[in-house]
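I have placed the structure first, in the form of structure tokens, so that the comments after it can refer back to it.
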Amino acid sequence: MAPRSIGRRHASALETLSITVEEEYVPLFEQVLMCVCETVGIFEADDEQKYWRLEGVKDIGYKEDELENALAVARLLTGCDAELVREATEAEGWLARTYESFPQQNVGKRFAIRGTHLHGAPDQSRLTITLDAGIAFGSGEHGSTRGCLRALEMVAYRKPRHILDMGCGSGILAMAAAKLLHRPVLAVDIEPWSVRTAKTNARLNGQGNLLDCRFGNGWNTNQVRVKAPYDLVFANILARPLCRMAQSLALNLAPNGTAILAGLLYTQANMVLAAHRRQGLVLERLLREGDWATLILRKRG
């Protein structure tokens, strides 16, 4: 069964929540919004990429106490008194805009990303990944996702056997790897809702037997440690978390293994690359999709 979009499930009034914070605080405040919003988008808020706007949609009045408590904790931990902005949103109008912003996307030579709202048979010449439009709304990471899929095509000839999608979100990269390589993929995320969504999407795309979707805390996840080392690792997250995880990535990557890193702006590529070079990884390719960069790194044998 396809994941249900917010627009179809909610006849009641919706509101859009937004909050703007410095990059280092994005993961924590993203968790705040995720406790009440099924999807949270991340957008650049200034020209210098120092501030980011997080945005999500929820029912008006839904879990207000939980939201306020989570926001208070995040403000206390970060010292950032970020303002929560609310804007009334019409459900039908929101869903219509979502559909309009999510036509089929052909990526690279092999992949097509297709919403469940689209009719007609998919293109048989491409590997089609089907996602609900409500899930794709406002991701703000189209460039990074496209970069990862292009990178996957470039390294597929190595036929990696042990594959990890770290921070899997909707599971799109894990599904793409499973479809292209016909190999099982471990998909891990720190958000329980993301794990549930990835499982649903895997079944929707006929990949339920190949994706092992787990809730966990990054490289500290027990299943991640048990299945290491990996021939291929995806990490489509933000630049600073990628830097902090560089040592763990290097330790869990097999000799001659490949890492595909994304979620970073092109202006942040050198910072992320430097952190991984210090761990002995080497750059093979740097891909650019608009403002976004994707790094293909290799661990020496």
Side-chain angles (χ1 to χ4, degrees), residues 1-23 25-45 51-78 80-102 115-117 130-142 144-145 167-172 189-201 204 213 215 236-238 241 263:
M1 181 179 67
R4 297 169 296 177
S5 75
I6 295 175
R8 287 198 298 272
R9 289 201 300 116
H10 296 72
S12 57
L14 299 176
E15 63 178 345
T16 298
L17 306 180
S18 63
I19 192 166
T20 301
V21 296
E22 294 178 76
E23 182 189 40
Y25 302 142
V26 165
L28 186 56
F29 282 94
E30 181 186 20
Q31 292 182 46
V32 170
L33 293 188
M34 286 296 289
C35 75
V36 294
C37 302
E38 289 195 350
T39 257
V40 175
I42 304 173
F43 308 87
E44 301 169 52
Y51 288 87
W52 294 76
R53 187 180 83 259
L54 291 84
E55 186 175 298
V57 178
K58 77 172 188 70
D59 281 319
I60 292 178
Y62 177 66
K63 289 188 176 181
E64 283 298 322
D65 289 342
E66 185 173 337
L67 173 61
E68 290 301 323
N69 290 337
L71 190 58
V73 171
R75 286 169 172 166
L76 181 64
L77 291 175
T78 62
C80 174
D81 190 22
E83 178 186 4
L84 181 67
V85 178
R86 301 171 184 262
E87 181 180 355
T89 303
E90 293 185 8
E92 292 304 319
W94 175 82
L95 186 59
R97 291 195 303 273
T98 299
Y99 285 171
E100 290 174 1
S101 66
F102 193 38
T116 54
H117 63 289
T130 303
L131 296 175
D132 187 75
I135 303 303
F137 169 71
S139 69
E141 296 183 339
H142 292 170
S144 59
T145 302
C168 64
S170 66
I172 184 172
D189 203 284
I190 198 171
E191 293 294 342
W193 179 84
S194 293
V195 177
R196 292 194 298 270
T197 301
K199 288 181 178 179
T200 301
N201 285 337
L204 173 65
C213 304
F215 166 73
N236 184 10
I237 51 180
L238 294 171

- prompt: For Ala82, what residues pass the side-chain contact (heavy atoms from CB on, under 4.5 Å) criterion, not counting sequence neighbours?
  reply: Ile19, Val21, Phe29, Cys80
Would you give the length of the straight line joining atom [atom1] of [X] to atom [atom2] of [Y], rounded to the nearest 0.5 angstrom?
X: Glu23; Y: Trp52; atom1: CD; atom2: CH2; result: 6.5 Å
X: Leu204; Y: Thr197; atom1: CG; atom2: OG1; result: 11.5 Å
X: Leu17; Y: Leu54; atom1: CG; atom2: CG; result: 11.0 Å
X: Glu30; Y: Glu55; atom1: CD; atom2: CD; result: 13.0 Å
X: Thr200; Y: Leu131; atom1: OG1; atom2: CG; result: 11.5 Å
X: Leu33; Y: Ser18; atom1: CG; atom2: OG; result: 8.5 Å

So which heavy atom on [X] is nearest to which on [Y], and how close?
X: Ile190; Y: Phe215; result: O-CE1, 2.9 Å
X: Cys35; Y: Val32; result: SG-O, 2.8 Å
X: Lys199; Y: Cys213; result: CE-O, 3.4 Å
X: Gly263; Y: Ser144; result: N-CB, 3.5 Å
X: Ser194; Y: Met34; result: OG-CE, 4.4 Å
X: Ser170; Y: Asn201; result: O-ND2, 3.0 Å

field: Exam field: side chain Asp189 to backbone Val195, donor-acceptor pair closer than 3.5 Å
entry: no
query: Okay, side chain of Asp59, backbone of Leu14: is any donor-acceptor separation there less than 3.5 Å?
result: no
- line: Contacts of Glu15 meeting side-chain hydrogen bond (donor to acceptor under 3.5 Å, both in side chains) (sequence neighbours excluded), chain-then-number -> Lys58, Arg86
query: So, do Thr145 and Asn236 sit near enough that their side-chain heavy atoms are less than 4.5 Å apart?
result: yes
